[in-house]
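All heavy atoms count here, side chains included; hydrogens, waters and symmetry mates do not. None of the values given here were measured: they were computed from a predicted structure. Order of listing sets the numbers, starting from 1, for every ligand and every atom in it.
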Amino acid sequence: MRTTSLRVTEGLAKRAPAHGRASLAPGDAERIGQIASDALLAELETWPKPGLVSPFDNGSHDDMDYGTFLRSIDVLRPYYAQLAAAGGAGADMDELRRIGGLAEDAMLAVTGGVNTHRGAIFALGLLCAAAGVARVERSGLSAGRLARTVAERWGRGIMRGPINLTSHGSDALRRFGAGGARAEAANGFPHALRIGLPALRAGRALTGEEEPARVHAFFALLAAMDDTNLLHRGGMEGLRVARRAASDFLLAGGVGAADWLSRATAVHRRFVARRLSPGGSADLLAATIFLDRLEKRR
Ligand SMILES: CC(C)(COP(=O)(O)OP(=O)(O)OC[C@H]1O[C@@H](n2cnc3c(N)ncnc32)[C@H](O)[C@@H]1O)[C@@H](O)C(=O)NCCC(=O)NCCS
Ligand SMILES: Nc1ncnc2c1ncn2[C@@H]1O[C@H](COP(=O)(O)OP(=O)(O)OP(=O)(O)O)[C@@H](O)[C@H]1O
């Protein structure tokens with residue numbers, strides 16, 4: 001793993017001057033990459049997240065487990081750093097897509113071809129690139145600014161494509177009109193900003209603890225999003241059932257209720273019984289955690 005990290009970072013150092021612009025201070029890109037992969041780890045370890053993989057079980061998945069996700073997180077760290085450096089060097093969407101593609105190849109190589117983090121490479125990768133821009137411009141690392149940077153700099157490039165016409169996401173767009181990961185990023189991550197972050201902070205205020213706060217944020221995102229993974233596995237009915245279960249959990253007080261853990265675990269079992277898996281909500285939980293942690297470092 002260490003060899004891979006070094007190789008990718010060396011590539012980064014060689015490529016940065018090609019953009020002909022000021023670059024990040026030494027270590028900045030690596031720090032941003034570390035925060036991104038830590039956010040993925042925090043998402044993975046959060047329990048319960050209905051239908052998803054965690055240290056306790058594989059949720060609704062039989063082709064991946066906790067170990068598969070750990071390997072994927074480890075291999076992605078230097079690519080996130082590379083995306084931060086590219087953002088700081090003024091990269092356009094084509095360049096970010098190129099690095100994102102290499103990250104996907106590296107993920108597939110360590111997972112035996114299983115898609116663990118495709119959406120997370122995209123969402124967190126763009127936010128890392130925006131953090132790179134913010135460091136070079138010394139404009140601060142507020143969540144709102146980073147999300148706006150993604151929309152303003154790369155929003156058009158994201159929507160213009162190229163688009164994989166055979167992906168589950170494009171199938172969800174054709175069948176249900178759901179914009180999925182692309183629309184969320186191009187619009188400046190409205191769910192992470194307006195739902196995930198406030199819910200994370202509300203969960204903290206309710207419990208004084210980090211893991212329940214992340215569970216609270218996860219359920220809030222699940223209740224509000226059109227998660228194309230849910231649409232793919234369960235159609236419109238699957239999405240409706242999942243969102244309803246999440247809003248019922250929140251209406252009962254979320255993690256502020258004394259029995260929150262058994263309620264959330266019961267929702268997890270119901271999702272597993274129906275093979276539902278809200279992977280998009282997991283990605284936006286990771287994006288929320290990343291934005292929250294970066295903002296604290298301002
Ligand atoms: C845009 C991406 C996510 C592909 O999207 P598409 O919808 O076609 O594919 P797919 O069905 O695999 O969905 C991708 C993932 O998005 C996540 N997701 C689902 N719904 C949502 C949502 N509402 N909001 C955010 N993320 C979501 C899920 O994790 C899902 O697995 C991306 O993988 C891509 O285009 N990659 C190419 C490389 C690239 O552009 N990288 C960007 C540089 S960082
Ligand atoms: N902790 C997690 N557990 C499970 N999935 C997660 C987790 N975190 C993120 N995800 C996301 O969920 C997606 C995987 O879901 P899924 O297996 O439904 O997708 P798929 O492989 O494209 O389709 P399928 O397996 O239904 O044919 C990944 O893209 C990943 O981004």
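- Numbered from 1 in the order shown, with element, the atoms of ligand 1 that lie under 4.0 Å from a heavy atom of H168 read 11 (O).
- For atom 8 (N) of ligand 2, the nearest protein heavy atom (residue, atom name, distance) is E43 OE1, 3.0 Å.
- Distances shorter than 4.0 angstrom do not occur between any heavy atom of A123 and any atom of ligand 1.
- At under 3.5 Å, not a single nitrogen or oxygen of N115, backbone or side chain, sits near a nitrogen or oxygen of ligand 1.
- Each of the following atoms of ligand 2 lies closer than 4.0 Å to a heavy atom of A282: 7 (C), 8 (N), 9 (C).
- The ligand atoms of ligand 1 that sit less than 4.0 angstrom from a heavy atom of I121 are 44 (S).
- Residue contacts with ligand 1 for M93 involve side-chain atoms from C-beta outward but no N, CA, C or O (heavy atoms, distance under 4.0 Å).
- Of all protein heavy atoms, the one lying nearest to atom 27 (O) of ligand 2 is H168 CE1, 3.6 Å.
- Ligand-side atoms of ligand 1 in range of N229: 19 (C), 28 (C), 29 (O), 30 (C), 31 (O), range being under 4.0 angstrom from any heavy atom.
- Not one N or O of N164 is nearer than 3.5 Å to an N or O of ligand 1, by distance alone.
- Every atom of ligand 1 with a heavy atom of D226 under 4.0 Å away is listed here by number and element: 23 (N).
- Protein heavy atom nearest atom 3 (N) of ligand 2, with residue, atom name and distance: V53 N, 2.9 Å.
- Checked by distance only, ligand 1 and E104 come closer than 3.5 Å through their nitrogen or oxygen atoms.
- With ligand atoms numbered from 1 in the order given, ligand 1 contributes 15 (C), 16 (O), 29 (O) to contacts under 4.0 Å with heavy atoms of G119.
- Residue M225 approaches ligand 1 through these ligand atoms, each under 4.0 Å from one of its heavy atoms: 22 (C), 23 (N), 24 (N).
- Numbered from 1 in the order shown, with element, the atoms of ligand 2 that lie under 4.0 Å from a heavy atom of H61 read 4 (C), 5 (N), 15 (O), 16 (P), 17 (O).
- Distance from atom 4 (C) of ligand 2 to its nearest protein heavy atom, with residue and atom name: L52 CD2, 3.2 Å.
- Between R77 atom CZ and I32 atom CD1 the span is 14.5 Å, to the nearest 0.5 Å.
- Among D283, L285, D63, T68, the residue whose heavy atom sits closest to atom 31 (O) of ligand 2 is D283.
- Protein heavy atom in closest approach to atom 13 (C) of ligand 2: N229 ND2, 3.3 Å.
- With hydrogens left out, the protein atom closest to atom 25 (O) of ligand 2 is R233 NH2, 3.3 Å, a heavy atom.
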